[in-house]
Structures are given as C-alpha cells and as structure tokens.
There are 2 protein chains.
Amino acid sequence: MSRTEQTQTAVLGALSVMPMTGYALREEIRSVLGHFWSESFGQIYPALAELQRQGLVERRGADRARASVFALTPAGTERLRELLSEPAQPVRPRNGLMLRLFFGRQLGPEACRILIREAREEAEARLAELAVSRSESQEGPHAQDRPYWLLTISAGEHAARAAIAWADGALEALETLSDSAAPHPAAEPPVGSKTVHPVREHP
Amino acid sequence: MSRTEQTQTAVLGALSVMPMTGYALREEIRSVLGHFWSESFGQIYPALAELQRQGLVERRGADRARASVFALTPAGTERLRELLSEPAQPVRPRNGLMLRLFFGRQLGPEACRILIREAREEAEARLAELAVSRSESQEGPHAQDRPYWLLTISAGEHAARAAIAWADGALEALETLSDSAAPHPAAEPPVGSKTVHPVREHP
DNA sequence: GAGATTCTATATCTATTAGATATAAGCAGC
DNA sequence: GCTGCTTATATCTAATAGATATAGAATCTC
C-alpha cells in the first residue's frame with residue numbers, strides 16, 4: 001500500500017462517518033484520529049481531487065465563496081473496505097528523545113533526566129486526553145463504531161502508561177549514574193583531544 | 001530543530017562512535033538505532049556534504065574506486081553537543097493498524113482480530129531482538145555509553161510489552177463482539193443503501 | 001450603524017524526504 | 001578467464017509536511 005493510498009484510506013474513512021469540507025477533514029482527523037494519525041492540507045486536497053476523479057467521492061456546492069462539501073459515493077464505500085483490507089505500510093521510527101538518550105553521554109546525566117521528565121509529563125497529558133476521548137465516545141449516534149474506537153483509545157493508554165513506567169525506571173537509573181560516575185557532566189570528555197578514532201575499513 | 005538538523009544529529013552521533021563511510025552509516029543507523037531511528041541515503045549523503053562544507057566532518061581517502069571515510073572534527077563534536085541540547089522535533093503519528101481498527105466496523109471483528117494477532121507477533125519479535133541487543137551491549141569498548149544505550153533498549157521493551165498486553169485485551173474484547181453483534185461481518189452494512197448522510201455545515 | 005480589525009476557513013507552494021533505481025566494483029562459480 | 005551474482009555507493013523522483021498566502025465572516029469600536 002503506497003503512501004497516497006494511506007492518505008486516501010484516512011480521507012475515505014473520515015468521509016464514511018460524515019460528509020465534510022477539506023478543511024473540516026483536517027480538523028476531524030486531527031481531533032479524532034490525532035493520537036495515531038495525521039494528515040496535512042498538502043495531502044488532503046490532492047487526495048480529494050484524485051478520489052473525485054475516480055468517482056469515489058462526490059463534490060457538492062462548489063460556490064465561489066462557499067467551500068465544497070465532499071461525500072462518499074457507493075463506489076467509495078467499496079474502495080474503503082478494499083483499502084482497509086490491505087496490509088499497512090510499516091512505520092519509519094524517528095524518536096528524538098531516544099536519539100538524544102543514545103548519545104546521552106555527550107549530554108550528561110542531568111540533562112537526560114530533564115528530557116525524561118518532560119517525556120513523562122507528556123505521557124501523563126496524553127493519558128488525560130484519552131480519558132476525555134473515552135467519555136466523549138459514550139455520546140453520539142455511532143454506537144456500532146464505539147467498540148472499535150475504544151480499541152484505539154486503549155492502545156494509546158497502554159502506550160502512555162508504559163512510557164510513564166519506563167520514565168520512572170530511567171530516572172532512577174540515571175540517579176545512581178550521576179552520583180557515581182560523572183558529577184560534572186559538562187567537563188567530562190575533554191573536547192579537543194582524541195577525536196580521531198581508528199578507522200574501521202568497510203565492515 | 002529542523003528536519004535536516006535531526007539528520008545531522010544522527011549522522012554526527014554515529015560518527016562520534018566511529019568514523020565510517022556513507023554506506024556504513026546507513027547500515028550502522030539501521031542496525032543499532034533501528035528501533036527508534038531511520039535515515040535513508042537520500043538524507044545521509046546531502047547531510048554529509050553539508051557537514052563537510054561546515055567543517056564539522058572531514059572526508060578521507062576519496063580515491064576513485066574506494067569510498068571515502070568520514071570522521072568528526074573537533075568542531076563537529078562541539079556541534080553534536082549543541083544539537084543534542086535542542087528540543088526534539090515532535091513526531092507525526094501514522095499508525096496503520098490503529099487507522100484500520102478505528103474504521104474496523106467496515107472490516108468486521110474477525111479481520112480485526114487477525115490484524116491484532118499480527119501486531120502481537122511483531123511485538124514479540126521486537127522483544128526478542130531487544131534481548132539480543134541487550135546482551136550484545138555487554139561487549140565492546142563503549143562502557144561509558146552503555147548505561148544510556150540500555151535506557152533506549154528498556155524503552156523499547158516497555159513499549160513492546162505494552163503492545164502485547166493491549167493486544168491480548170483487544171482480542172478478548174473483539175471475541176465478545178463477534179459472538180454477539182455481527183456473526184457475518186461482510187454482509188453487515190448494505191453497501192449501496194443510505195450512503196448519503198445529512199451534511200454538517202462548517203462546525 | 002459604518003468602518004476597522006481580527007479570526008477562521010481554504011488553498012497553494014516549497015523545501016524536505018523516502019526509497020526506488022542506476023552504476024560500478026569485487027567475488028564466486030563454472 | 002569469463003560470466004553472473006552480490007555488495008557498496010550514489011543519484012533522482014515522486015510524495016510529503018507544514019509554512020504561508022488569500023479571502024471571507026464576524027466582532028468590536030466609535
């Protein structure tokens with residue numbers, strides 16, 4: 001499944017819940033799917049144009065001043081099912097916190113502890129947001145969808161709680177490190193000296 | 001911190017461990033940082049060129065036939081510290097499994113269960129790989145780095161275990177769903193009927 | 001109630017990026 | 001010694017993120 005198809009899936013899926021404008025699509029995706037998905041205008045508008053060309057989506061009321069509302073066609077519903085059945089594209093990880101911690105010796109234990117504390121707070125905040133989503137999902141006319149939505153909320157909660165547990169352990173581990181090894185992190189590795197390492201020839 | 005700077009951080013960081021060629025950089029990033037970071041050639045080569053231009057990296061032995069080895073300069077080490085201190089770029093989530101589950105009603109409980117079982121297996125596999133990384137980190141001359149490397153490994157393990165626990169709960173929840181609500185998921189919502197919903201005007 | 005000002009909705013545009021593809025060198029088998 | 005395969009290296013292109021431009025609507029001020 002190509003990237004454009006991933007975007008098409010998200011757009012068709014959102015339109016399957018309710019017809020809306022391109023702008024509303026972005027808002028809806030951000031607020032409802034925000035914990036595990038994101039799309040930008042630069043993806044949404046071309047995707048809508050292509051979906052319309054393929055007759056999967058229908059554009060209504062393109063007045064000059066008023067934005068046009070897009071709605072699924074029957075073929076679009078069909079196509080959504082098809083896309084959902086295809087295997088997902090693997091995610092390319094890019095975790096800035098982990099990158100910093102991996103080279104954490106350059107930063108010193110104290111700076112690392114600050115980063116981890118921040119990450120812990122973010123996880124707590126996510127947990128709170130998810131609790132709101134959970135109660136919000138009670139309302140609304142989408143009773144049939146709710147069990148599935150709860151699955152995604154639960155996944156977010158598990159991940160957030162794991163992040164918090166990890167952070168607590170990590171903070172503790174770093175504490176013993178700053179006590180023992182390097183009381184003055186900034187002064188630790190002399191900068192100018194010995195930056196040239198032996199070269200490994202094509203491993 | 002811009003995206004290019006993120007790439008520069010990863011490249012400088014990897015070169016701080018050991019000088020190497022562009023190709024080896026990609027391999028190293030993939031094998032060692034693979035659980036939380038990824039870079040492609042299209043990012044690495046331009047980044048190396050720019051870093052060389054700035055005098056942060058030095059190119060050695062650009063024979064016609066032999067690839068050139070890149071090494072950090074003292075200024076490069078300095079710059080790495082600087083970059084690591086900057087706040088990380090926020091990640092844009094794009095979780096294909098969650099997208100599928102969110103619109104899971106279109107797919108039916110059974111198909112969802114299969115997806116979740118696959119995810120569970122992947123998490124188990126990651127856990128096994130991390131166990132290997134953990135024991136590998138014992139060896140090698142990088143004793144000072146090890147505590148930080150273990151932090152990242154531990155984060156991966158927490159996340160993987162959380163994924164497994166979530167999957168088990170989700171599978172159970174879906175089981176009760178397929179028993180009760182929709183024994184024949186494919187036949188559930190009649191395709192052609194009632195695909196036109198009431199339009200919400202600019203919420 | 002008219003004008004000014006801010007805000008929101010919408011769309012486009014550009015620099016970045018992923019990853020497929022091209023090229024070339026070494027190596028193994030025949 | 002030649003041929004085909006594998007690994008190393010680099011480039012190129014289509015897709016993407018998200019910043020920015022534009023215009024209309026709403027609100028505030030006088």
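To find a chain, count down the sequence lines: A is the first, B the second, and so on, and within it residues start at 1.
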To the nearest Å, how far apart are B:R26 CZ and D:dT11 P?
-> 15 Å

Taking only N and O in the side chain of B:S2, is any of them less than 4.0 Å away from OP1 or OP2 of C:dT16?
-> no

Taking the six-membered ring of A:F41, is NZ or CZ of A:R26 closer than 6.0 Å to its centre and within 45° of its axis?
-> yes

Any A:Y23 side-chain N or O less than 4.0 Å from OP1/OP2 of C:dA9 | yes

Whole-Å distance separating the CZ atom of B:F41 from the P atom of C:dT23 | 17 Å

Establish, from distance only, whether the side-chain atoms of A:S68 and A:R59 form a donor-acceptor pair under 3.5 Å.
-> yes

Do B:T7 and B:E39 have side-chain N/O donor and acceptor atoms under 3.5 Å apart?
-> yes

Atom-to-atom span, CD of B:E5 to P of C:dA15 - whole angstrom | 17 Å

When rounded to whole Å, the CD to P distance for the pair B:E39 and D:dA10 reads 16 Å

Between B:E27 and A:S38, name the one whose nearest nucleotide on DNA chain D is closer to the 5' end.
-> B:E27

Counting only side-chain N and O atoms of B:T4, is one of them less than 4.0 Å from OP1 or OP2 of C:dA15?
-> no

Value in whole Å for how far the P atom of C:dA9 lies from CG of A:L48 = 17 Å

Taking CD from B:E50 and C1' from C:dT16, how many angstroms apart are they, rounded to a whole number?
-> 14 Å

Are A:E129 and A:R126 within salt-bridge range, i.e. N to O under 4.0 Å?
-> no

Whole-Å distance separating the CE atom of A:M20 from the P atom of C:dT10 | 12 Å

How close or far is atom P of D:dT9 from atom OH of B:Y45, stated in whole angstroms?
-> 6 Å

What nucleic acid atoms does B:G22 come within less than 4.0 Å of, heavy atoms only: base, sugar-phosphate, or nothing?
-> nothing

